[in-house]
Amino acid sequence: MIAMIRYLSELLDGRGRRHLRVMLAAQAGQGVLQGLGFVSVAPLVAALTTAPVDWSRFWLWAGVITAAVAAHHALLAWSTSLGYVVGTDVLTGFHERLGNHLAALPIGWFRGDRTGPIGRMLGKGTMDVANIPAHLLRHVVIGLTAPATMILGSFLLDWRIGLAFTAGAVLCALALRLLMVIVRRNDDDYEHDIGVSASRIVEYARRQPALRAYGVLDRPELGTLEESLVRQQGSQSRLTIRGAWGLIVFFGALQLVVTAVIALTVVFTLQGTMTLAVMIGLMIVTLRLLDPISQLGELAGTVQVNADAIGRVRALLAVPPLPEPAEPAEPAGTGIELRGVRFGYDDGPAVLDGIDVTIPAGSFTAVVGPSGAGKSTLLKLIGRFFDVTEGTIRIGGLDVRDLGSAGVSRLTAQVFQDVYLFEGTIAGNLRMAAPDATDADLDRVARVARLDEVVERLPDGWHTRVGEAGSTLSGGERQRVSIARALLKDAPIVLLDEATAALDPANEAAVADAIAELARERTVIVVAHRLSTVVAADRILVLDRGRITEHGDHDTLLAAGGTYARFWHERVRARGWQLTSEGTL
Ligand SMILES: Nc1ncnc2c1ncn2[C@@H]1O[C@H](COP(=O)(O)OP(=O)(O)OP(=O)(O)O)[C@@H](O)[C@H]1O
């Protein structure tokens, strides 16, 4: 509870924190006044049961009760409206902090399996957190302060009952703790499973063609959507059933305490060691205690779920963003240098190790190697999707960490396999790279990227909508849009991960020409899958299990008869292509 308030205040600015403090004080005041009102019933009854009736004492306690009720309602109105103000403050702070943080995280952090959990955090998680001040805290604060006041008051009425209440409060607190531990453990599993299901639903929708083509829509061993939904249902049932058991234990403990206190009160009265007025007062206190404490039990699960939601937000906020320089430096040129580079994902084993390579400005470098060798990772490190674990990457003589993400992004254009196009027009997708580009600029890059023939063929030309993620275009067409976008950006360095998917001959030739154009007067590094691209490169890097095992031009590497020569011959055989005497296609 205290941790939850601390986490909430972390999401607020100074003004919001002030509001939160005032709201908590008002809610605590409400609880104390509520408790005071009920405890005051005993002296009120005592004044009535004396002979003769002590009217002055009666009016004094009646006044105290009336004032407590009136002040309680005034505080209720004030704290409720403050609750909404704090809720809005939390919502604003939450979106701002999370938005800024997500924008500062390494690009590589945004893996496909994180989309579900992040979506849920920004949707349901946001509402859960914003609801805490207005709807949850009030009940929790009053549920703690009102019984505490009544228990203190019961000491004044009869210390023996005060002690019984204190022992009962400890028992109820333990039962409440148990309930919250049960909810926390099972809620973690449930949230994990629901995040996985959300990611699977997106994957399932996107991968329909592949799933249907192989007839594997319902093969459980593939870890399908159905499997994740069944797991989610299972964790939801466990959360509900185990939570219900926790509640039963809590309410059992509460009933035990109430019964014991009532029995003691009756016994003490029958023994003559407690007056009738105190007995009536304590009965009222005991029965009134039930309400706020029961509510506390009913809300314990929700409190835990909300605390978990805040915990997940905090965990996300704790993911370190890439360090950015205060004053980004300007590079001298576009040559790239990697020295002693080592990198592993998420503290895992090194995917790249001992990489030393110099890529001169204006050169065209092809990276080849077996699947999983680390080729795409190498490109992503140069584009600063992540920072290296060891070593340095320099562009124009400057460490990319001193250039900053914005500096690296300004210098590089990236064309990756999974070309992402936004729902919008083809022109809109290109203008992302240069918002001020004129129609003539678009036509120019379209000609170079051989996108012009695609635009001419489409019914609305440049204004044709590409569908979600460019779904209405073919793979080759999407890559041509992506290359045109890179050309429009006109960055001096191009990082290109060639599509592995087979393209039809027309698209293949168009993409090859477009890459050749892109390479003019730029520093280009291509993860090459097409033989024509490899041959066109000034220099080839052969990557194997995270290390550069060979480098040089095509002829030199072919003559050396090593891994590259084997790779080349295998590819040529697979494609059924013939080498000419010069070693070109
Ligand atoms: N985001 C990631 N998180 C964890 N591991 C990853 C991630 N991306 C890649 N890897 C792992 O790093 C290794 C190198 O992957 P990378 O994609 O760089 O290889 P590649 O040579 O480009 O392969 P391919 O030619 O098949 O695309 C692989 O073992 C891969 O499983």
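Counting starts at 1 for both ligands and their atoms, following the listed order.
- When each atom of ligand 1 is checked for a heavy atom of T377 under 4.0 Å away, the hits are 14 (C), 15 (O), 16 (P), 18 (O).
- Listed by number with element, the atoms of ligand 1 under 4.0 Å from a non-hydrogen atom of P370 are 21 (O).
- Using a cutoff of 4.0 Å between basic side-chain nitrogens and carboxylate oxygens, D490 and R522 are scored as salt-bridged.
- Among the atoms of D346, none of the N or O lies under 3.5 angstrom from an N or O of ligand 1.
- Checking only distances, G372 does come within under 3.5 Å of ligand 1, N or O to N or O.
- A donor-acceptor contact shorter than 3.5 Å links the side chain of K489 to the backbone of T412.
- Between R447 and E453, none of the side-chain N atoms (NZ, or NE/NH1/NH2) sits under 4.0 Å from a carboxylate O, so this pair counts as no salt bridge.
- For ligand 1, the polar-atom distance check against G374 finds a nitrogen or oxygen pair separated by under 3.5 Å.
- Residue-ligand proximity: G369 is placed with every non-hydrogen atom at 4.0 Å or more from ligand 1.
- Using a 4.0 Å heavy-atom cutoff, G546 is absent from the residues neighbouring ligand 1.
- The pair R547-D353 meets the salt-bridge criterion, with a side-chain N (NZ, NE, NH1 or NH2) lying under 4.0 Å from an Asp/Glu carboxylate O.
- With salt bridges taken as basic N to acidic carboxylate O contacts below 4.0 Å, none links E390 and R339.
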